[in-house]
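Some notes on the structure that comes next.
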Number of protein chains: 2
Amino acid sequence: MSQRHTTDRTKRTLVRTRVKAEQLLPVETGDIGVTTHENVYRGLRDRILFGGFLPGSAVTLRGLAETMGVSPMPIREAVRRLIAERALKLQDNRRVLVPPMTKEAFEQIVFTRKTLEPELAARALDNISDADIRAIKTIDQTVDRAMGVGDVQAYMRGNYRFHFAIYQRAHADILIALVESIWLQFGPFMRMAYGRIGTSLLEDHHQAAIAAIEHRDRKALKAAITADIVQGMNFIGEAVLKRPDLKT
Amino acid sequence: MSQRHTTDRTKRTLVRTRVKAEQLLPVETGDIGVTTHENVYRGLRDRILFGGFLPGSAVTLRGLAETMGVSPMPIREAVRRLIAERALKLQDNRRVLVPPMTKEAFEQIVFTRKTLEPELAARALDNISDADIRAIKTIDQTVDRAMGVGDVQAYMRGNYRFHFAIYQRAHADILIALVESIWLQFGPFMRMAYGRIGTSLLEDHHQAAIAAIEHRDRKALKAAITADIVQGMNFIGEAVLKRPDLKT
DNA sequence: ACCTCCCCATTGTGATCACATTAATGGCGC
DNA sequence: GCGCCATTAATGTGATCACAATGGGGAGGT
């Protein structure tokens with residue numbers, strides 16, 4: 001992480017808070033040449049995708065700045081970006097929060113997933129090498145392990161990596177971007193559902209997807225992805241949205 | 001537009017450049033309570049959507065700041081937001097530009113439009129009032145007029161308003177956001193195509209869509225929207241992408 | 001005990017400066 | 001004249017300060 005502005009006062013302040021940040025957040029230092037706001041963005045994005053935030057959580061620029069040990073400036077840029085991706089919401093108060101889920105938003109998310117993700121998998125199929133398949137299997141094992149242990153965050157990270165390891169091979173960056181925005185929008189909600197229910201009851205259709213890939217069966221792959229989406233989203237949808245008292 | 005920081009130097013500078021900006025750009029002063037970067041965002045967004053930029057155009061923060069008569073700060077936020085929406089691209093040089101179109105991106109854009117927009121229209125159908133229909137017809141007349149005169153920007157603005165006047169009624173903000181991002185990505189490309197070919201050969205399926213809405217015929221509406229997309233995108237696709245020499 | 005008003009802390013926003021890096025330019029040698 | 005290199009200009013990024021607006025909390029009144 002390149003650090004400019006090495007006047008005495010600045011340096012001292014940064015060093016002090018930096019130490020604190022390293023204790024609190026496992027934010028990667030980032031590859032060289034990558035801007036600070038990019039690293040902040042990745043850190044926040046991971047927290048949203050993998051269950052580091054709950055819906056409705058308030059987010060403040062100065063708070064994040066202190067937590068992550070940087071000035072508010074790169075935080076502003078990263079948060080602005082996440083707002084544009086609908087991962088965060090800027091309410092009329094000009095306050096930033098992790099958007100709560102609604103029945104309507106959830107329905108649109110499920111629709112989009114069912115529409116775009118099987119298509120991405122189908123487009124990827126011909127580009128998935130044997131080495132890719134082995135890597136995907138390895139990822140799926142970590143998913144199973146996390147499910148068994150009940151580690152929500154590890155499960156969510158593994159599940160994300162499983163899906164996008166496939167989708168990535170479609171070389172369809174525009175579609176990928178749309179789907180990633182969708183995942184960012186249900187990440188905190190999924191976290192809340194699993195936090196409430198646990199991952200023990202969980203089942204997925206990863207094995208069917210892997211088998212379909214191995215057989216180069218496009219139709220079966222789309223079906224497996226669809227089934228995985230429907231099953232998973234039903235699970236977390238029923239876990240939370242059916243209780244009208246626990247809306248947030 | 002709220003303006004803080006009214007020290008002498010700042011004020012003088014801002015006033016001077018503000019006059020220049022009003023001559024150059026028809027940027028709305030914006031409703032009260034709206035932030036400056038929001039107004040900047042809308043201005044840039046409109047220019048991208050309605051043909052104010054060509055693919056490959058370079059964009060600089062200080063340049064825009066001077067043109068629009070504001071400090072670079074709100075420009076940064078607006079540009080960051082547009083980059084997140086894929087309307088602008090941040091290349092490795094850390095320079096910002098209007099992204100050029102590729103064959104692959106174009107195909108994904110067409111796929112997404114054909115997938116999501118008829119769905120949006122179908123969802124909107126039951127919420128379109130008679131007054132809405134009249135408004136949509138009025139918009140379509142401005143589209144016809146612009147086509148006749150050959151006013152590319154007016155045509156693009158009208159076409160956008162026609163489609164989204166329908167889509168808005170779906171009350172599906174997540175889907176709308178996805179489609180708007182897509183429109184931002186082909187806006188400059190469409191402008192280039194029309195700038196090269198002109199709008200005289202243009203035809204659309206707006207009348208069929210309006211008729212379908214009046215008959216509350218969901219199937220016909222989806223077909224009309226699909227036909228409109230296919231016809232329009234084929235037109236601009238052939239106008240540009242088929243010439244391998246004029247890639248940009 | 002509860003509601004209301006006022007004060008102060010906190011927050012997002014905009015402006016400005018400093019800096020590293022990349023692009024552009026002009027001059028020099030051949 | 002033409003290509004190469006050093007110098008300069010321009011650009012994105014981060015830090016810091018100032019300010020308006022919102023929110024929370026406590027005091028005072030009913």
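Naming: A, B, ... by sequence-line order, numbering from 1 per chain.
Among the nucleotides dG12(D), dT11(C), dG14(C), the one closest to any side-chain atom of Thr35(B) is dG14(C). Among the nucleotides dT11(D), dA15(D), dC19(D), the one closest to any side-chain atom of Arg62(B) is dT11(D). Of the candidate nucleotides dG14(C), dT22(D), dT16(D), dG14(C) has the atom nearest to the side chain of Thr36(B). With dG23(D), dT22(C), dG14(C) as the choices, the nucleotide that has an atom nearest any side-chain atom of Asn93(B) turns out to be dT22(C). In this structure, the nucleotide among dG14(C), dG12(D), dA15(C) sitting nearest to the side chain of Val96(B) is dG12(D).
Summarising the geometry, the separation between CE on Met73(B) and C1' on dG14(C) is reported as 7 Å, rounded to the nearest angstrom. Rounded to whole Å, the distance from CZ on Arg94(B) to C1' on dA10(D) is 15 Å. The CG-C1' distance, from Leu97(B) to dA23(C), rounds to 14 Å in whole Å. In this structure, Glu66(B) atom CD and dG12(D) atom P are separated by 14 Å, rounded to whole Å. Atom CZ of Arg95(A) and atom C1' of dT22(D) are 5 Å apart (whole Å). Remark: C1' of dG12(D) and CZ of Arg80(B) are 9 Å apart, rounded to the nearest angstrom. Distance Lys89(A) NZ to dG12(C) C1': 16 Å, rounded to the nearest Å. Following rounding to the nearest Å, Glu77(A) (CD) and dG12(C) (P) show an atom-to-atom distance of 15 Å.
Backbone-only contact: Val59(A) has heavy atoms under 4.0 Å from sugar-phosphate atoms and none from a base.
Below 30°, between 30° and 60°, or above 60°: for Tyr155(B) and Tyr194(B) the angle between ring planes is above 60°, a perpendicular geometry.
One can find a donor-acceptor pair under 3.5 Å joining the base of dG14(C) and the side-chain atoms of Arg76(A).
Classification of Arg45(B) and Glu180(B) as a salt-bridged pair holds, one side-chain N sitting under 4.0 Å from a carboxylate O. Under a 4.0 Å N-O distance rule, the pair Glu119(A)/Arg123(A) qualifies as a salt bridge. Contact check on Glu107(A) versus Lys103(A) returns no salt bridge, with no Lys/Arg side-chain nitrogen under 4.0 Å from an Asp/Glu carboxylate oxygen.
Among the candidates Phe106(A), Phe53(A), Trp183(A), the single residue satisfying the ring-ring contact (aromatic ring centres under 6.0 Å, His included) test with Phe189(A) is Phe106(A).
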